2 protein chains.
Amino acid sequence: MSGITYQRIQTEVLHRIRARVWRPGDLIPSEVALAAEFGCARATVNRALRELAETGILERRRKAGTRVSPDPVHKATFDIAVIRREIEALGGVYRHAILQKAHVLAPSFIQALMKLDIHAETLHIRTLHLSNDQPYLYEDRWINMAAVPGIRSADFSRVSVNEWLVQNAPLSGGEITFLAKNADEAEAEALDTTVGKALFVTERLTRIKQVSVTFVRLAYAPGYRMTTRL
Amino acid sequence: MSGITYQRIQTEVLHRIRARVWRPGDLIPSEVALAAEFGCARATVNRALRELAETGILERRRKAGTRVSPDPVHKATFDIAVIRREIEALGGVYRHAILQKAHVLAPSFIQALMKLDIHAETLHIRTLHLSNDQPYLYEDRWINMAAVPGIRSADFSRVSVNEWLVQNAPLSGGEITFLAKNADEAEAEALDTTVGKALFVTERLTRIKQVSVTFVRLAYAPGYRMTTRL
DNA sequence: CAGTGGTCTAGACCACAAG
DNA sequence: TTGTGGTCTAGACCACTGG
């Protein structure tokens with residue numbers, strides 16, 4: 001090979017954009033032209049540009065060619081790990097406690113959220129996750145029993161619901177939302193803080209083939225920060 | 001070609017994982033074996049598996065082979081667009097107002113955050129972004145004057161600082177953090193809410209070649225939710 | 001050492017959309 | 001219509017690392 005790698009090409013492209021040789025909105029040369037310039041195969045240029053397009057730096061369209069994005073949309077990526085992992089990665093000792101576990105008919109707001117039947121049976125579980133015995137995360141979860149056969153016989157004393165679902169209902173789709181919320185009484189008590197304190201909350205709705213499996217709200221203890229590199 | 005696409009292979013792999021043919025932790029066949037099975041080139045299998053590995057579903061190591069991730073780390077991706085775009089995408093009419101603009105020596109906490117010199121000059125700008133004339137986002141930004149030549153002559157009445165920086169200092173690296181915060185007086189007043197209200201906040205530190213360019217804190221009006229598909 | 005993934009090549013055909 | 005990106009192929013060599 002010529003020693004040209006797709007990463008080398010990416011570096012060069014980024015350099016040219018930074019140096020304003022190619023400016024936001026500009027059309028850059030075609031793959032064929034760049035392959036000729038760099039003395040490599042088109043496939044190599046293709047991979048380089050395709051990946052840059054995935055990050056939002058370039059925009060590509062057949063026939064129209066490749067442009068530098070006019071206003072680059074940064075794509076921030078966050079790792080959503082199993083909570084135990086998250087805590088252990090921070091050097092904490094993980095422990096969890098189940099505060100409540102009940103089989104109930106879905107209340108109306110959960111029916112609406114999860115698009116459940118009026119008579120749908122759910123498992124409602126509230127769990128506290130601790131790091132070094134300090135409250136770390138308060139979990140309020142609703143599970144659609146119909147969607148997860150086998151959950152009746154699961155034992156959540158050793159493995160948390162969180163982890164059990166990951167293992168037994170993998171690769172599900174859904175949405176995740178981040179928001180801020182003033183602590184209510186239940187949250188304040190669980191997280192050992194005061195009512196009204198601003199909490200970082202993530203809500204996740206998980207589906208397998210259009211069917212809602214679980215809705216979970218995770219409220220982090222005050223001071224939590226979710227960070228990523230750009 | 002045989003009609004086999006890398007996407008078809010990805011679908012098949014996901015199906016096998018869901019069907020528990022391949023379970024978390026399991027080693028799956030090598031690229032060569034899968035290429036033979038699917039009747040396609042190894043490069044096609046490679047792309048399929050490589051992309052799945054990027055999403056965290058598979059783990060690959062030379063010689064060791066490819067495994068189904070024992071506890072899959074979901075990667076959630078968020079688009080960080082220019083604020084004007086974000087508002088317009090939601091159907092709002094964008095407007096912004098500069099609440100304060102001052103050239104000042106960096107206060108100590110900013111010095112520390114941005115790793116600035118004691119005598120570093122900064123531009124401190126507080127901006128309110130509005131959607132349909134309703135407060136949407138309160139921006140508190142510090143800019144390292146030394147890192148952005150040309151900013152002295154910029155006019156921020158038409159183009160917001162946000163947008164100016166994107167256009168003039170593109171492709172910078174840095175970190176972004178999400179957190180929840182009780183509104184202080186300045187935030188409450190700007191966002192037309194009450195002190196103590198939980199606000200969703202993002203903080204961004206932007207660098208070009210190790211040099212801090214800008215630190216910005218964005219406090220969203222109450223009720224803001226940041227959502228993405230998984 | 002040997003098997004696996006990582007990458008590049010040269011060529012080909014296809015799908016899409018701008019002109 | 002035709003140029004562009006999107007993808008596949010068959011083969012090759014390399015880089016890493018487990019056994």
Side-chain angles (χ1 to χ4, degrees), chain A residues 1-17 21-70 72-73 75, chain B residues 1-17 21-70 72-73 75:
Chain A
M1 81 184 89
S2 60
I4 293 293
T5 68
Y6 75 96
Q7 295 167 5
R8 169 79 185 71
I9 295 176
Q10 289 179 337
T11 304
E12 177 60 22
V13 169
L14 290 176
H15 185 266
R16 290 186 189 180
I17 295 176
V21 177
W22 295 335
R23 300 196 293 166
D26 283 1
L27 200 60
I28 76 174
S30 73
E31 293 187 351
V32 174
L34 288 174
E37 180 194 334
F38 292 122
C40 66
R42 182 167 78 96
T44 306
V45 174
N46 178 272
R47 179 165 178 190
L49 300 189
R50 178 163 38 83
E51 287 189 358
L52 288 178
E54 279 166 10
T55 74
I57 289 167
L58 299 177
E59 289 178 0
R60 325 192 72 198
R61 264 157 47 225
R62 282 164 159 134
K63 170 71 181 178
T66 300
R67 308 185 162 275
V68 180
S69 296
V73 175
K75 309 248 184 196
Chain B
M1 80 185 88
S2 61
I4 292 293
T5 69
Y6 75 96
Q7 296 167 4
R8 170 78 186 72
I9 295 176
Q10 289 179 337
T11 303
E12 178 59 23
V13 168
L14 290 176
H15 186 265
R16 289 186 189 180
I17 295 176
V21 178
W22 296 335
R23 300 196 292 165
D26 282 1
L27 200 60
I28 76 175
S30 73
E31 292 186 350
V32 174
L34 288 174
E37 180 194 334
F38 292 121
C40 67
R42 182 167 77 95
T44 306
V45 174
N46 178 273
R47 178 165 179 191
L49 300 188
R50 176 163 39 82
E51 288 189 358
L52 288 178
E54 279 166 10
T55 74
I57 289 167
L58 299 177
E59 290 178 359
R60 325 193 73 198
R61 263 158 45 226
R62 281 166 162 134
K63 170 71 181 179
T66 300
R67 310 185 159 275
V68 180
S69 296
V73 175
K75 310 249 183 194

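None of the values given here were measured: they were computed from a predicted structure.
Taking 4.0 angstrom as the limit, B:Thr44 places a side-chain polar atom (N or O) nearer than this to OP1 or OP2 of D:dT9. Neither OP1 nor OP2 of C:dG6 sits under 4.0 Å from any side-chain N or O of A:Gln7. Taking 4.0 angstrom as the limit, B:Asn46 places a side-chain polar atom (N or O) nearer than this to OP1 or OP2 of C:dG6. Look at B:Ser30 and you won't find any side-chain N or O under 4.0 angstrom from OP1 or OP2 of C:dG3. Between A:Arg42 and C:dG11 there is no side-chain N or O to OP1 or OP2 distance below 4.0 Å.
If you measure from atom CG of B:Leu58 to atom P of C:dG6, you get 11 Å, rounded to the nearest angstrom. B:Glu31 has its CD atom 15 Å from the C1' atom of D:dA10, to the nearest Å. One atom, OH of A:Tyr6, and another, P of C:dC8, lie 7 Å apart when rounded to the nearest Å. Counting to the nearest Å, the C1' atom of C:dA17 and the CZ atom of A:Arg60 are 15 Å from each other.
Between B:Ile9 and B:Leu34 there is no side-chain heavy-atom pair separated by less than 4.5 Å.
Counting only heavy atoms from C-beta on, A:Lys63 has its side chain closest to C:dA18 among D:dG6, C:dA18, D:dC13.
Interface remark: the B:Arg47 side chain does not form any donor-acceptor pair with the C:dG6 base, using a distance-only criterion of under 3.5 Å. For D:dA15, the base has a donor-acceptor partner in the side chain of B:Arg62 [N/O atoms by modelled type, under 3.5 angstrom]. A donor-acceptor contact under 3.5 Å is not formed by the side chain of A:Arg61 with the base of D:dG6.
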